[in-house]
Amino acid sequence: MDVQYMKRAIELAQKGWGKTRPNPLVGAVIVKGDKIIAEGFHQAYGRDHAEVDALKKINFNGEGATLYVNLEPCSHYGKTPPCTEAIIKSGIKKVVVAMKDPNPLVAGKGLKILRENGIEVVSGILEKEARELNEIFIKYITTNIPFCIMKVAMTLDGKIATYNGDSKWITDEDSRNYVHHIRSRISSIMVGINTILYDNPQLNIRIKGLEVNQPLRVIVDSQLRIPLDSNVVKTADQQRTLIATTEFVSSEKISRLEEKNVEVLTIQDINGRVDLQQLMIELGIRKIDSVLLEGGGTLNYSALESNIVDKIMVFIAPKILGGRNAITSVEGQGKPYVKEAFQLKNLTIRSFRKDVLIEGYIEGKDKYVYGNY
């Protein structure tokens with residue numbers, strides 16, 4: 001039964017997608033006599049944590065009950081008081097958690113406090129699933145660096161556009177709608193200047209009900225070539241927009257962009273290009289906990305080479321474009337030997353109406369989900 005109730009806690013936690021960041025996704029289930037008597041979840045940053053949300057529904061009277069929660073209850077004061085205090089006062093006799101909190105302010109202290117107050121504690125139920133759910137939180141809270149997901153939509157032969165640049169649409173509507181849901185869960189979308197010049201995208205969420213979670217738009221533009229009449233600049237007063245550039249650009253162009261509500265961030269360069277690792281550090285400082293990289297082949301390769309990518313999502317459409325000059329998903333110089341290829345681990349595959357989605361973690365970066373943190 002522990003697994004069943006924990007599954008429910010994880011389901012509840014998912015209701016907080018896009019609203020709790022930089023806090024984790026947490027759900028709670030209170031059980032007494034093999035019956036669920038209350039449920040709760042962390043609904044938004046600054047609001048009650050899941051445990052308190054559930055306890056309020058039974059007026060903090062949990063005498064003899066068991067609490068299931070996918071993340072260790074907090075034991076420190078933040079936006080809200082410690083959940084451990086509320087649990088102890090409620091009379092809960094047992095707490096079952098999926099995983100310890102990687103936050104250094106907690107990191108096992110919450111479970112220790114509960115045990116010291118006579119509450120039975122069980123840990124590790126559906127831990128893998130719990131880590132997958134909060135992979136963004138785990139990396140950001142332990143490194144202050146955003147979790148980076150590289151998203152690619154390509155044909156069976158690896159093309160993201162034809163030889164003349166046409167790319168609408170590689171994947172079907174179901175896949176594109178799912179991407180909008182992903183956009184609503186992350187803090188920022190990143191593209192390179194070529195994507196802006198060729199596609200002039202909006203880089204926003206266009207599904208009703210999700211548009212309140214518009215992410216920060218990040219454009220990597222080393223030479224500040226972005227047109228002032230591009231869609232992202234014209235709508236910068238409606239959606240936060242940041243351009244990462246180098247010191248070798250026109251101060252006049254910077255001023256004109258800033259007049260249009262665009263934040264221009266000057267980053268140190270590597271061979272004339274924006275240092276992507278330094279950019280990620282700057283985004284972390286700005287409380288951006290996640291990046292959805294939707295760049296073209298040049299930026300994608302640079303991101304992989306810079307070791308900023310944690311996870312890759314590849315949508316594959318059952319189409320073949322061909323063409324030696326057609327645009328591929330990862331370009332750049334490339335690796336000289338197959339043995340030097342970027343390796344993916346812990347793959348998952350799911351099907352949409354027409355397309356297939358393959359997800360995996362860059363080798364070494366899967367530690368935030370499957371390894372020790």
Side-chain angles (χ1 to χ4, degrees), residues 18 21 146 148-153 160-161 164-169 176 179-180 182-208 210-269 272-276 278-300 302-303 308 327 331:
R21 57 180 181 253
C148 181
I149 304 169
M150 189 175 90
K151 189 275 292 183
V152 171
I160 62 173
N164 63 6
D166 180 47
S167 61
K168 291 184 173 50
W169 293 102
R176 298 197 301 274
V179 170
H180 282 279
I182 297 299
R183 286 181 174 183
S184 74
R185 298 176 181 182
I186 49 82
S187 299
S188 66
I189 300 173
M190 182 187 294
V191 300
I193 183 58
N194 287 336
T195 297
I196 300 296
L197 295 176
Y198 297 148
D199 297 339
N200 195 22
Q202 298 276 359
L203 300 180
N204 61 1
I205 300 168
R206 297 184 293 276
I207 292 183
K208 188 174 181 180
L210 297 179
E211 68 275 11
V212 295
N213 295 323
Q214 295 293 353
L216 168 71
R217 298 180 293 199
V218 180
I219 296 93
V220 181
D221 184 3
S222 300
Q223 299 175 36
L224 213 57
R225 294 184 290 152
I226 191 165
L228 295 174
D229 62 351
S230 61
N231 284 328
V232 290
V233 173
K234 289 192 298 184
T235 58
D237 59 336
Q238 304 166 34
Q239 185 177 349
R240 288 178 62 204
T241 305
L242 181 151
I243 298 178
T245 190
T246 64
E247 61 182 348
F248 312 109
V249 298
S250 164
S251 58
E252 180 185 353
K253 182 74 173 285
I254 291 176
S255 297
R256 295 182 70 183
L257 286 165
E258 290 176 339
E259 288 172 0
K260 294 179 177 292
N261 295 303
V262 175
E263 179 184 357
V264 180
L265 176 62
T266 301
I267 299 288
Q268 66 189 40
D269 75 291
R273 295 180 179 272
V274 168
D275 182 340
L276 295 180
Q278 186 62 38
L279 174 57
M280 298 296 277
I281 291 172
E282 292 292 339
L283 292 176
I285 291 172
R286 287 164 170 73
K287 306 300 182 185
I288 300 300
D289 67 355
S290 49
V291 172
L292 183 63
L293 178 61
E294 296 196 32
T298 300
L299 182 60
N300 285 346
S302 295
I308 68 168
I327 302 170
E331 297 186 329

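Because only heavy atoms are used, hydrogens play no part in the values below, and waters and symmetry mates are left out as well, while side chains stay in.
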- Residue pair E258 / I243, side-chain heavy-atom distance below 4.5 Å: no
- Query: Where the side chain of T241 meets the backbone of Q239, is there a donor-acceptor pair that is under 3.5 Å apart?
  - Reply: yes
- Query: OG1 of T298 to CZ of R273: how many Å apart, nearest 0.5 Å?
  - Reply: 6.5 Å
- For V218 and S188 the tightest heavy-atom approach is CG2-CB, 4.1 Å
- What is the distance from atom CD1 of I226 to atom CG of L224, rounded to the nearest 0.5 Å? 7.5 Å
N/O donor-acceptor pairs under 3.5 Å from side chains in residues 281-290, not counting sequence neighbours:
unit_1 : atom_1 : unit_2 : atom_2 : d
E282   : OE1    : R286   : NH1    : 3.1
R286   : NE     : E263   : OE2    : 3.1
R286   : NH1    : E282   : O      : 3.2
R286   : NH2    : E263   : OE2    : 3.0
D289   : OD1    : S187   : OG     : 2.5
S290   : OG     : S187   : N      : 2.8

- Message: Measuring from atom CG of L276 to atom CD of Q278, what distance do you get when rounded to the nearest 0.5 angstrom?
- Response: 11.0 Å
- Query: Would you say T246's side chain and V274's backbone share a donor-acceptor pair under 3.5 angstrom?
  - Reply: no
- Query: Any side-chain heavy atom of P215 sitting closer than 4.5 Å to one from L292?
  - Reply: no
- Item | Distance (rounded to the nearest 0.5 Å) between I182 CD1 and E294 CD | 10.0 Å
- Message: Whether the side chain of K151 engages the backbone of V179 through a donor-acceptor N/O pair (distance < 3.5 Å, no angle test) should be reported.
- Response: no
- Is the shortest heavy-atom distance from the side chain of P227 to the side chain of L197 under 4.5 Å? yes
- Query: What do you reckon, is CD of E252 surrounded by more than 12 foreign heavy atoms closer than 6.0 Å?
  - Reply: no
- Task: Indicate the atoms forming the closest heavy-atom contact of G297 with I160, along with that distance.
- Result: N-CD1, 4.2 Å
- Task: Taking the side chain as every heavy atom from C-beta outward, state whether L228 and L257 have any atom pair closer than 4.5 Å.
- Result: yes
- Task: Please test N194 against L299 for side chain to side chain contact (heavy atoms under 4.5 Å, CB included), starting from the C-alpha separation and ending with a verdict.
- Result: CA-CA 9 Å; N194 287 336; L299 182 60; over 6 Å; no
- Message: As an exercise, state the distance from NZ of K260 to CG of D237, rounded to the nearest 0.5 Å.
- Response: 9.5 Å
- Query: Looking at S222 and V249, what are the two nearest heavy atoms and their distance?
  - Reply: O-CG1, 3.5 Å
- Query: Rounded to the nearest 0.5 Å, how far apart are CG of D221 and OG1 of T195?
  - Reply: 11.5 Å
- For R225, look at atom CZ and say whether over 12 heavy atoms of other residues, nucleotides or ligands are found less than 6.0 Å away. yes
Check: residues 198-208 side-chain donor-acceptor pairs under 3.5 Å, at least two apart:
unit_1 : atom_1 : unit_2 : atom_2 : d
N200   : OD1    : N231   : N      : 2.8
N204   : OD1    : R206   : NH1    : 2.7

- Return the minimal non-hydrogen interatomic distance between L293 and A303, and the atom names on each side. CD2-CB, 3.4 Å
- Check: M280 and M190 side chains under 4.5 Å, non-hydrogen atoms: yes
- Look at the side chain of R217 and the backbone N and O of V232, then say whether any donor-acceptor pair between them is shorter than 3.5 Å. yes
